Amino acid sequence: MHEADVVTQRKRKLEKIIEAGFDPYPHKFPYTHTVSELVKQLARCAHDELEASPIHVRTCGRLIALRAHGKAAFAHVSDGQSRIQIYLKKDRVSERTFELYEFLDIGDLVGVAGEIFRTRTGELTVSVKELDLLAKCLLPLPEKWHGLTDTEIRYRQRYVDLIANPEVGNIFRRRAAIVRELRRFLDERDYVEVETPMMQPMAGGATARPFETFHKTLGIHLYLRVAPELYLKRLVVGGFPRVYELSRNFRNEGISVMHNPEFTMLEFYQAYSDYFDLMDLSQELLTQIVERVTGSRKVEYQGEVIDFGRWHRFTLFDSILHFWNLPTEKPSPTDLKNAGPLRKILDANQISYVPSMGAGALVGRLFEAVVENQLRHPTIIYDYPVEISPLAKTRDDDPSIAERFELFVGGIEIANAYSELNDPEEQRRRFEEQLKRRVAGDEEAHGMDEDYIRSLCYGLPPTAGEGIGVDRLTMILTDMRSIREVILFPHRRPESVE
RNA sequence: GGGCCGUUAGCUCAAUUGGCAGAGCAACUGACUCUUAAUCAGUAGGUUGGAGGUUCGAUUCCUCCACGGCUCACCA
């Protein structure tokens, strides 16, 4: 059976429905309850109760299963979240209604009116008196047992995925809850939510390759933002001591189970604070989000229980020594500060690195290779080499160390935060450093942002800022291994034209 | 971009050493007024991702291409 033949058959049924005088695409269906409401509200209503005082309802949804019994039929109607059984008996409906039923297919959108009862096996069921077709499903739905597993179709035609695999909807309902709770947490603490440009004349605030676009009237190139960071800090200068933005960033990089070209980030800034204040805040924030969203502090991720009641903190250097598991001898703290010994360690363990990397970048590589994957429980890693932290303020006692931390859960980096650099002269020097790299061909190197430096010249209070990857946080709280499972329409190559 | 694995009916999957391409669900016809993976009887549905090659013969072996999955690199 070709798909085209199924469509032809269903179109023919639609014509017959029209011939019988039914409106094939009615404009509305007034209902008394959604399917979910029925299931929830009547969950405890017993058989006798329903029999003694019948409840008339009107509800609607998609027909997802159909069991025909000649002059009667059972079916399930879904509102996308819950399903309820309906029972249609020839001698309880009009001839016209029964005729309509005979033209229905699995997938059709229907409205029903009738009384609620419980079947012999106790299932809550609508005994249908009236039936309406609300829209016809012309294409066949995937198989009812295994659902749809082909990722190609699941992501490209997410609507089919959501129909065939109702648990997929729960991932996105939970994602919505996470976003809601993040906002609530910050709103309660007097952070102001703002919206800054997505299209920027210069893509700053992170080292990443941007997407480029063009504004015709202005005749200028614009870049999709890689981070809102520099605009948010301008706002702190202007007098918003607590701001946040929760929206999309765009990075023209590879696609993987951890990366999508557009991703959602929460970025927030808090004046008169440093990175230690944000460590405490992050811990409180995540613990609260997890509890409110899942109802527990413990979350199962990929077969492991992650306890948001157990937090760990290490400096980056200590973490390498603490989690050391490579076959070669554990390095000394001095080894980790010097490029020569670091190269030897990386070489001996077949960890790749770029020759131009200094000690800071090399120790960063070593951290990624040794530690990252072992950080299952919520862990804060702090004090990063300044070499890999161009926008962070350095420690007073050690200018090679940036006041920066990252937060890991389930081996995944969830957040990145630092004490913001607020010295305009130093900021200019760092931009100039980046410019040199840009000239040398590094596409990801930062450009010179004169206006940002000008804003710093008006005085940025001591400020700490943090970014939280909302997609990755959602992965942890929905037990998903791939970022594509928590993004409704993940980017793919265009569908090939047949 | 590199490596490995995959692509068979609308969906989920089989097919022995290279020897007639199959099942379940969905669809169609018929039976059936408390079923729920409804059941029973029957019917139809395939350029095996695409192009080439080896062979008497290719879903199976080889090459290239497209798409996907995992992984490494880059990155959050």
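Hydrogens, waters and symmetry mates play no part in the numbers below; they use all other heavy atoms, side chains included. A, B, ... follow the sequence lines: proteins, then strands. Residue 1 opens every chain. In this text, all values refer to a predicted model and were calculated from it rather than measured experimentally.
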Asker: Find the distance Asp105(A):CG to rA27(B):P and express it as a whole number of Å.
Answerer: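 In whole Å, rA27(B) P and Asp105(A) CG are 7 Å from each other.
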Asker: Taking the P atom in each of rG53(B) and rC72(B), what is the distance between them to the nearest angstrom?
Answerer: 39 Å
Asker: Could you tell me the Watson-Crick or G-U partner of rU48(B), where both distances fall under 3.5 Å? Say none if there is no partner.
Answerer: none
Asker: Please pick, from rC11(B), rU35(B), rC74(B), the nucleotide with the shortest atom-to-atom distance to any side-chain atom of Pro142(A).
Answerer: rC11(B)
Asker: Could you check Phe22(A) against Leu133(A) for side chain to side chain contact (heavy atoms under 4.5 Å, CB included), going step by step and ending with a plain yes or no?
Answerer: CA-CA 8 Å; Phe22(A) 293 96; Leu133(A) 175 67; over 6 Å; no
Asker: Between rU35(B), rA27(B), rG69(B), spot the one nearest the side chain of Ile106(A), thanks.
Answerer: rA27(B)
Asker: Using atom C1' of each nucleotide, how far apart are rC20(B) and rC64(B) to the nearest Å?
Answerer: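 Approximately 31 Å lies between the C1' atom of rC20(B) and that of rC64(B).
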Asker: Aromatic contact between Phe367(A) and Phe408(A), with the criterion being ring centroids under 6.0 Å apart: yes or no?
Answerer: yes
Asker: Starting the side chain at C-beta, find the nucleotide from rC13(B), rU71(B), rA27(B) nearest to Thr149(A).
Answerer: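 Of all the options, the side chain of Thr149(A) is nearest to rC13(B).
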Asker: Which atoms form the tightest heavy-atom contact between Tyr101(A) and Ala68(A), and what is the distance?
Answerer: OH-CB, 3.3 Å
Asker: May I ask you to check whether Gln302(A) and Arg376(A) show a side-chain donor-acceptor distance below 3.5 Å?
Answerer: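 Result is no, nothing qualifies.
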Asker: Of the nucleotides rG68(B), rC25(B), rA27(B), which has the atom closest to the Glu152(A) side chain?
Answerer: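 Out of rG68(B), rC25(B), rA27(B), the nucleotide with an atom closest to Glu152(A)'s side chain is rG68(B).
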Asker: Taking all non-hydrogen atoms of both residues into account, name the closest pair between Glu245(A) and Glu195(A) and its distance.
Answerer: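 Nearest heavy atoms, Glu245(A) then Glu195(A): OE2-CA, 3.6 Å.
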Asker: Say we look at rU47(B) and rC25(B): how far apart would their P atoms be, to the nearest angstrom?
Answerer: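 Comparing P positions in rU47(B) and rC25(B) gives a spacing of 23 Å.
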Asker: NA contact type, Gly147(A), heavy-atom cut-off 4.0 Å: base, sugar-phosphate, or nothing?
Answerer: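 Here Gly147(A) touches the backbone only, sparing every base.
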Asker: In whole angstrom, give me the gap between the P atoms of rU7(B) and rU60(B).
Answerer: 11 Å
Asker: Applying side chain to side chain donor-acceptor pair (under 3.5 Å), run through Ser282(A) and Glu466(A) and close with a yes or a no.
Answerer: CA-CA 9 Å; Ser282(A) 301; Glu466(A) 177 164 347; 2.7 Å; yes
Asker: For Lys136(A) and Asp108(A), run side chain to side chain contact (heavy atoms under 4.5 Å, CB included): C-alpha distance rounded to whole Å, both residues' side-chain angles, the deciding distance at 0.1 Å, then the answer.
Answerer: CA-CA 5 Å; Lys136(A) 189 103 186 106; Asp108(A) 288 351; 2.6 Å; yes
Asker: Roughly how far apart, to the nearest Å, are rC34(B) and rG24(B) at atom C1'?
Answerer: 26 Å
Asker: Hunt down the Watson-Crick or G-U wobble partner of rC11(B), both distances under 3.5 Å, from any strand shown, or write none.
Answerer: rG24(B)
Asker: Should Arg481(A) be listed as having a side-chain N or O under 4.0 Å from OP1 or OP2 of rU71(B)?
Answerer: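 The answer is yes; a side-chain N or O of Arg481(A) sits under 4.0 Å from OP1 or OP2.
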Asker: Whole-Å distance between rA26(B) P and Glu143(A) CD?
Answerer: 8 Å
Asker: Over all strands shown, is Glu123(A) touching base, sugar-phosphate only, or nothing at heavy-atom distances under 4.0 angstrom?
Answerer: base
Asker: Considering only side-chain heavy atoms of Ile153(A), which listed nucleotide, rU71(B), rA76(B), rC11(B), is closest?
Answerer: rC11(B)
Asker: Output the rounded distance in Å from CG (Leu141(A)) to C1' (rG10(B)).
Answerer: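 That distance rounds to 10 Å.
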Asker: Go nucleotide by nucleotide along RNA chain B from the 5' end; which of Pro261(A) and Thr125(A) gets its closest nucleotide reached first?
Answerer: Thr125(A)
Asker: Respond yes when some side-chain nitrogen or oxygen of Arg156(A) is under 4.0 Å from OP1 or OP2 of rG68(B), and no when none is.
Answerer: yes
Asker: Calculate the interatomic distance between Tyr353(A) atom OH and rC72(B) atom C1'; express it in whole Å.
Answerer: 18 Å
Asker: How far, in whole Å, is rC28(B) from rG19(B) if one measures between their C1' atoms?
Answerer: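 About 34 Å, rounded to a whole number of Å.
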Asker: Less than 4.0 angstrom between a side-chain N/O of Lys144(A) and OP1 or OP2 of rG24(B), yes or no?
Answerer: no
Asker: Arg484(A) and Val257(A): which non-hydrogen atoms are nearest, and at how many Å?
Answerer: NH2-CG1, 4.1 Å
Asker: What contact category does Asn252(A) fall into here, base, sugar-phosphate, or nothing, at under 4.0 angstrom with non-hydrogen atoms?
Answerer: nothing
Asker: Any residue in residues 68-81 of chain A with a heavy atom nearer than 4.0 angstrom to RNA chain B? Just list them by number, or reply none.
Answerer: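 By residue number: Ala68(A), His69(A), Gly70(A), Lys71(A), Ala72(A), Phe74(A), His76(A).
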Asker: I want to verify a distance call: between rC74(B), rA76(B), rG69(B), whose nearest atom is closest to the Glu253(A) side chain?
Answerer: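 Output: rC74(B).
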Asker: Under 4.0 Å between a side-chain N/O of Arg484(A) and OP1 or OP2 of rG68(B), yes or no?
Answerer: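 Arg484(A) to rG68(B) OP1/OP2: no side-chain N or O under 4.0 Å.
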Asker: Would you classify Asp91(A) as touching base, sugar-phosphate or nothing, given that sugar-phosphate means primed atoms plus P, OP1 and OP2, and contacts are heavy atoms under 4.0 Å?
Answerer: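 Counting heavy atoms under 4.0 Å across all strands, the contact made by Asp91(A) includes a base.
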Asker: If the C1' atom of rG2(B) is compared with that of rA26(B), how far apart are they to the nearest Å?
Answerer: 41 Å
Asker: Please give, in whole Å, the distance from rC67(B) C1' to Ile255(A) CD1?
Answerer: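 Going from Ile255(A) (CD1) to rC67(B) (C1'), I get 14 Å.
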Asker: Does rU33(B) have OP1 or OP2 under 4.0 Å away from a side-chain N or O of Arg67(A)?
Answerer: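 No, outside the criterion.
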Asker: Closer to the 5' end of RNA chain B via nearest nucleotide, is it Arg365(A) or Ser482(A)?
Answerer: Ser482(A)
Asker: Figure out the CD/C1' separation between Glu372(A) and rC74(B), and round it to whole Å.
Answerer: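 Taking atom C1' of rC74(B) as the reference, CD of Glu372(A) is at 13 Å.
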Asker: Report the distance from atom OH of Tyr155(A) to atom P of rG68(B), rounded to the nearest whole Å.
Answerer: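 Spelled out: OH on Tyr155(A) to P on rG68(B) is 12 Å.
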Asker: Over 60° means perpendicular and under 30° means parallel, so classify the ring planes of Phe314(A) and His312(A), tilted if in between.
Answerer: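 The rings of His312(A) and Phe314(A) lie parallel, inter-plane angle below 30°.
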Asker: Please give the distance between the P atoms of rU55(B) and rU12(B) as a whole number of Å.
Answerer: 37 Å
Asker: By nearest atom, which of the nucleotides rG68(B), rA76(B), rU12(B) is closest to the Phe263(A) side chain?
Answerer: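 The listed nucleotide nearest to Phe263(A)'s side chain is rA76(B).
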Asker: Rounding to an integer number of Å, can you tell me how far Leu88(A) CG sits from rA38(B) P?
Answerer: 17 Å
Asker: Under a 3.5 Å cut-off for both distances, is rC70(B) Watson-Crick or wobble paired, and to whom?
Answerer: rG3(B)
Asker: If I compare all heavy atoms of Leu124(A) with all of Ile84(A), which pair ends up nearest, and what's the gap?
Answerer: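 Where Leu124(A) meets Ile84(A) most closely, the heavy atoms are O-CG1, 3.7 Å.
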Asker: Using purine N1 to pyrimidine N3 plus N6-O4 or O6-N4 for Watson-Crick, or N1-O2 and O6-N3 for G-U wobble, each under 3.5 Å, what pairs with rU54(B)?
Answerer: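 Paired with no nucleotide.
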Asker: Among rC28(B), rC70(B), rA73(B), which is the nearest nucleotide to the side chain of Ser352(A)?
Answerer: rA73(B)
Asker: Could you label the plane-to-plane angle of the Phe117(A) and Tyr87(A) rings as parallel, tilted or perpendicular, counting under 30° as parallel and over 60° as perpendicular?
Answerer: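 Phe117(A) vs Tyr87(A) ring planes: tilted.
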Asker: Is the shortest side-chain N/O distance from Arg492(A) to OP1 or OP2 of rC67(B) below 4.0 Å?
Answerer: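 Negative; the distance criterion is not met.
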Asker: The side chain of Leu148(A) lies closest to which of these nucleotides: rA76(B), rA38(B), rC11(B)?
Answerer: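 So the nucleotide nearest the side chain must be rC11(B).
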Asker: Counting only side-chain heavy atoms from C-beta out, which of rC70(B), rU35(B), rU33(B) sits nearest to Arg120(A)?
Answerer: rU35(B)
Asker: With a non-hydrogen cut-off below 4.0 angstrom, is Phe250(A) in contact with a base, only sugar-phosphate, or nothing?
Answerer: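 Nothing, no heavy atom under 4.0 Å.
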